[in-house]
Chemist: 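Attaching a single structure in structure tokens format; questions to follow.
Below, chain A is the first sequence line, B the second, and so on; all start at residue 1.
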Amino acid sequence: MSITVRYFASLREQLGISEASVPADGIHCVADVWQRAQPDRDLPPRVLAALNHAHASLEDPVRDGDEVAFFPPVTGG
Amino acid sequence: MSITVRYFASLREQLGISEASVPADGIHCVADVWQRAQPDRDLPPRVLAALNHAHASLEDPVRDGDEVAFFPPVTGG
Amino acid sequence: MTVVLHSDPLEPFSLVSEHERGLAPGSFGACALFVGTMRDFNDGEIVTGMTLEHYPGMTERELALIEDDARTRWPIQDSLIGHRVGRIEPGQPIVVVAAWSAHRQAAFEACQFLMEALKERAPLWKQEALEDGGRRWVSPSPNPSHQGGEGL
Amino acid sequence: MTVVLHSDPLEPFSLVSEHERGLAPGSFGACALFVGTMRDFNDGEIVTGMTLEHYPGMTERELALIEDDARTRWPIQDSLIGHRVGRIEPGQPIVVVAAWSAHRQAAFEACQFLMEALKERAPLWKQEALEDGGRRWVSPSPNPSHQGGEGL
């Protein structure tokens, strides 16, 4: 009954954590996952999210067992 | 006191000749070279010309010792 | 349709050449290819190294989706994306994308699309090591189509 | 800025890779590359071989002028054009063009320009050998920017 939360790149460094697990109860969408995992911080404005390895919006529904990730704009290539 | 004339590709095959030399006297431009070298044929409409290894127009002036070439549209690449 | 992430140095031209040997000879007329290489300068500073962080699993998936998108938009026969991850030295290739098609226009356009989409969507992040020992995360280009940015 | 005409089979990826070794590592961020390969079909017919005629002296000169033109129009650091001449078999590369630059947009645009200009201006002519033993001179594409035509 939990959701995996992952952070990457500068966001990972700022938060000082790369991965966490939060309880799934009461969580409906990606935005809820951030709030549960980082209750003292607003989601930084340019941060992107992914749900189960696919780009996601903050409103996308999340279910028990899902993996949610937050990261800054990508800079590959 | 002569001008070298060269033909390439399908034009070379049609004329049955790849290279010739024509006297330079009385020749002023590229079109004159064709007329001197091929007195019985009009210049075919799509044929291109070069003068001393550079693309040329029919009006470009020709001098003794020059090399003039005639060829069909190019199809490399 | 191949995606490869390399933690070891990437040999882009060998990779493409080898991949091409798997295609039916005579069946394609055009291959367009792009290689992005790490420069030793960026934003006026000397850069001594780079670390490429990625999201294992999602990166491969997203790159494969980008290849699928290219295939629905252009009549390409095959494509290849290779990307370095981990520690990179100046002068080393970072990324290679290639598209094979019957005609050149489709190959060129698909190749450019692969690069633009990769820079916009693939979860990869560059951190530069500077001459003074500092490190900085690379900012995304404000306008990808005009700014370039490989080697950043 | 290099031009090479090959009467022997062309190894485009080795050629580009080797040429790149001559550039200062870390000084360029982007290489865009195009390879045109002989197909075994064209205009609905099976093609068994091809002969590429050229104008020795003028071909090299014209290709070098095309590279000069690219250099005045884009901030490219270097470029390479390699072209086969003589007898070519299906599946063999015909042409390779490459452009190196700091940023990808200039490399892509210069690479495409090199190919378009080559197809419009370089004195090279293809003659195809057909399955029935016949031969035909290839006609130029009516609209080079849309038609493609490599491998023709």
Chemist: For atom CD1 of C:Ile46, decide whether the heavy atoms of other residues, nucleotides or ligands shown that lie under 6.0 angstrom number more than 12.
Modeler: no

Chemist: At their closest point, which heavy atom of C:Val138 faces which heavy atom of A:Thr75, and how far apart are they?
Modeler: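 Heavy atoms only, the tightest pair is O-CG2, 3.3 Å.
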
Chemist: Write out, in numerical order, the residues from residues 55-73 of chain C with a heavy atom short of 4.5 Å from a heavy atom in chain A.
Modeler: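 The list, in residue order, reads C:Tyr55, C:Pro56, C:Gly57, C:Met58, C:Arg61, C:Glu62.
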
Chemist: Should the heavy atoms of other residues, nucleotides or ligands under 6.0 Å from CD of A:Gln35 be counted, would the total exceed 12?
Modeler: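 Atom CD in A:Gln35 is not packed in, count stays at 12 or less.
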
Chemist: Which donor-acceptor pairs under 3.5 Å do side chains of residues 16-28 of chain A form with protein atoms, sequence neighbours excluded?
Modeler:
unit_1	atom_1	unit_2	atom_2	d
A:Ser21	OG	A:Ser2	OG	3.3

Chemist: Using atom types as modelled and distance alone, determine if a side-chain donor or acceptor of C:Lys126 lies under 3.5 Å from a backbone N or O of A:Val74.
Modeler: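 No.
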
Chemist: Taking atom CG of A:Asp42 as the centre, does the number of heavy atoms from other residues, nucleotides or ligands within less than 6.0 Å exceed 12?
Modeler: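 Incorrect, the count does not exceed 12.
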
Chemist: Please list, in residue-number order, every residue in residues 62-73 of chain A that has a heavy atom less than 4.5 Å from any heavy atom of chain C; write 'none' if there are none.
Modeler: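 Residues in range: A:Glu67, A:Ala69, A:Phe71, A:Pro72, A:Pro73.
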
Chemist: Please tell me if the side chains of A:Glu13 and C:Trp137 come closer than 4.5 Å, counting only heavy atoms from C-beta onward.
Modeler: yes

Chemist: Could I get the full list of ring pair (Phe, Tyr, Trp, His ring centres under 6.0 Å) partners for C:Phe113, not counting sequence neighbours?
Modeler: C:Trp74

Chemist: Do A:Arg46 and C:Pro140 make a side-chain contact, defined as non-hydrogen atoms from C-beta onward lying under 4.5 Å apart?
Modeler: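 Yes, their side chains come closer than 4.5 Å.
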
Chemist: Go through the atoms of C:Arg135 and report whether side chain, backbone, both or neither lie under 4.5 Å from a heavy atom of chain A.
Modeler: side chain

Chemist: Any sub-3.5 Å donor-acceptor pair from C:His83's side-chain atoms to A:Gly76's backbone N or O?
Modeler: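 It does not hold such a pair.
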
Chemist: Heavy-atom cut-off 4.5 Å, strictly under: side chain, backbone, both or neither for C:Arg84 against chain A?
Modeler: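 Looking at C:Arg84, nothing touches chain A.
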
Chemist: Decide if atom CD of C:Glu18 counts as having more than 12 heavy atoms of other residues, nucleotides or ligands within a radius under 6.0 Å.
Modeler: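 No, CD of C:Glu18 has 12 or fewer neighbouring heavy atoms, counting only those of other groups under 6.0 Å.
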
